[in-house]
Amino acid sequence: MRLATWNVNSIRTRVDRVLAFLEGSGTDVLAMQETKCRDDQFPALAFEAAGYEVAHHGLSQWNGVAVASRVGLEEIEIGFPGMPTWGEPAAAEARAIGVTCDGVRVWSLYVPNGRTLEDPHYRYKLEWLAALRAAAGGWLAADPDAEVALVGDWNIAPLDTDVWDMSVFEGATHVSEPERAAFRALEDAGFAEVTRTFVPQQYTYWDYQRLRFPRNEGMRIDFVHASPELAAHVVGAAIHRDERKGKAPSDHVPVVIDIE
DNA sequence: ATGGTCGACATTCGA
């Protein structure tokens with residue numbers, strides 16, 4: 001099975017590019033983030049015409065997560081147990097959807113941005129990650145042999161080499177130690193990030209602003225965490241940098257793993 | 001010299 005994750009930054013703007021990627025890359029299961037639409041606005045018919053079932057969760061123009069699959073799609077779950085809320089009145093955001101595709105439990109995740117270290121959104125981000133770790137640890141405790149993939153836009157650059165210039169990120173989110181610790185804590189829960197061994201150095205995101213892509217000033221913030229049983233069957237990974245090129249690209253590119 | 005964006009929606013916010 002070929003599994004990919006991609007922050008598409010509006011599915012309505014990007015649907016043609018996403019379908020072209022699915023066709024060209026041989027991807028069986030695609031987790032998407034930042035669809036930026038409600039369920040009734042999602043272009044489901046276009047995916048179905050291409051042979052993919054889709055589960056989408058979107059509440060407004062913000063966030064929105066989905067999974068498209070041509071190898072089955074079952075047990076749709078909106079949000080994970082204990083997922084923190086945001087806003088006034090407090091409400092769950094559309095940042096997590098879980099589905100089972102050919103025996104693999106796939107979670108499409110859009111981790112809160114954090115905005116700044118002083119912003120309440122930053123604390124929300126850390127709480128969100130801690131709750132995810134607790135939930136995911138619980139899934140593995142219940143079934144140590146489960147094949148689980150936690151994929152998406154983590155909004156964390158775990159290593160200094162995951163940004164083009166650390167001096168630009170002094171006092172910024174995405175690189176702070178608490179965020180990196182929260183990312184590593186998934187390992188304590190039994191998960192392993194499985195793309196870096198196959199792709200040691202490659203960004204997954206380049207800001208639209210300030211010619212970041214032409215200058216290759218990017219960030220690696222999109223990752224795949226795999227449970228032990230799944231990690232044992234991952235035989236390859238790729239980051240499709242070329243998807244940042246051409247007409248109307250997303251600011252993120254697809255991250256792909258191959259499961260044997 | 002030094003800034004250069006994009007998307008949804010409403011004329012601003014989020015990234």
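Just so we're on the same page: letters track the sequence lines, and every chain starts at 1.
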Looking at [Y] and [X], is there a salt bridge between them, counting it only when a charged N and a carboxylate O are closer than 4.0 Å?
X: A:D119; Y: A:K125; value: no
X: A:R70; Y: A:E53; value: no
X: A:E243; Y: A:R17; value: yes

Between [N] and [M], how far apart are the two [atom1] atoms, rounded to whole Å?
N: B:dC9; M: B:dC13; atom1: C1'; value: 9 Å
N: B:dA10; M: B:dG14; atom1: P; value: 14 Å
N: B:dG7; M: B:dG3; atom1: P; value: 23 Å
N: B:dG4; M: B:dA8; atom1: C1'; value: 22 Å

Interatomic distance where [atom1] belongs to [X] and [atom2] belongs to [N] [whole Å]:
X: A:L59; N: B:dC9; atom1: CG; atom2: P; answer: 13 Å
X: A:Q33; N: B:dA15; atom1: CD; atom2: P; answer: 14 Å
X: A:E217; N: B:dG3; atom1: CD; atom2: C1'; answer: 13 Å
X: A:N63; N: B:dC13; atom1: CG; atom2: P; answer: 17 Å
X: A:F42; N: B:dA8; atom1: CZ; atom2: P; answer: 13 Å
X: A:E34; N: B:dA15; atom1: CD; atom2: P; answer: 7 Å
X: A:D222; N: B:dA15; atom1: CG; atom2: P; answer: 15 Å
X: A:R115; N: B:dC13; atom1: CZ; atom2: C1'; answer: 9 Å

Given [options], the nucleotide with the shortest approach to the side chain of [X]:
X: A:N113; options: B:dC13, B:dA8, B:dA15; value: B:dA15
X: A:Q61; options: B:dA15, B:dC9, B:dG7; value: B:dC9
X: A:Q41; options: B:dA15, B:dC9, B:dG7; value: B:dC9
X: A:K36; options: B:dG7, B:dT5, B:dG4; value: B:dG7
X: A:R12; options: B:dC9, B:dG4, B:dC13; value: B:dC9
X: A:Y208; options: B:dG4, B:dT5, B:dA15; value: B:dT5
X: A:W62; options: B:dA15, B:dC13, B:dG4; value: B:dC13
X: A:S10; options: B:dA15, B:dG7, B:dG4; value: B:dG7

Remember a base hit wins even if backbone is also touched, and classify A:F213 as base, sugar-phosphate or nothing at under 4.0 Å, heavy atoms.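 A:F213: no heavy atom of the nucleic acid under 4.0 Å.
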Check the phosphate of B:dG7 against A:R14, side-chain N and O only, distance under 4.0 Å to OP1 or OP2. Yes or no?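 The answer is yes; a side-chain N or O of A:R14 sits under 4.0 Å from OP1 or OP2.
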For B:dA8, does OP1 or OP2 lie under 4.0 Å from any side-chain N or O of A:S60?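 No, outside the criterion.
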5' priority, DNA chain B, between A:H252 and A:R38 [closest heavy atom]: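 Final value for this comparison: A:R38.
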Please figure out whether A:A248 or A:G114 has its closest DNA chain B nucleotide nearer the 5' end.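 Its nearest nucleotide being more 5', the pick is A:A248.
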Pairing donors with acceptors under 3.5 angstrom, does anything connect the side chains of A:E127 and A:Y122?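 Judged by distance alone, the side chains do not pair up.
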Will you find, in the side chains of A:T204 and A:D222, an N or O donor that is under 3.5 Å from an N or O acceptor?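 A:T204 vs A:D222: donor-acceptor pair found between side chains.
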Report yes or no: do A:L150 and A:F223 belong to one cluster of Ile/Leu/Val/Met/Phe/Trp/Tyr joined by side chain heavy-atom distances under 4.5 Å?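 Looking at the clustering, A:F223 is in the same group as A:L150.
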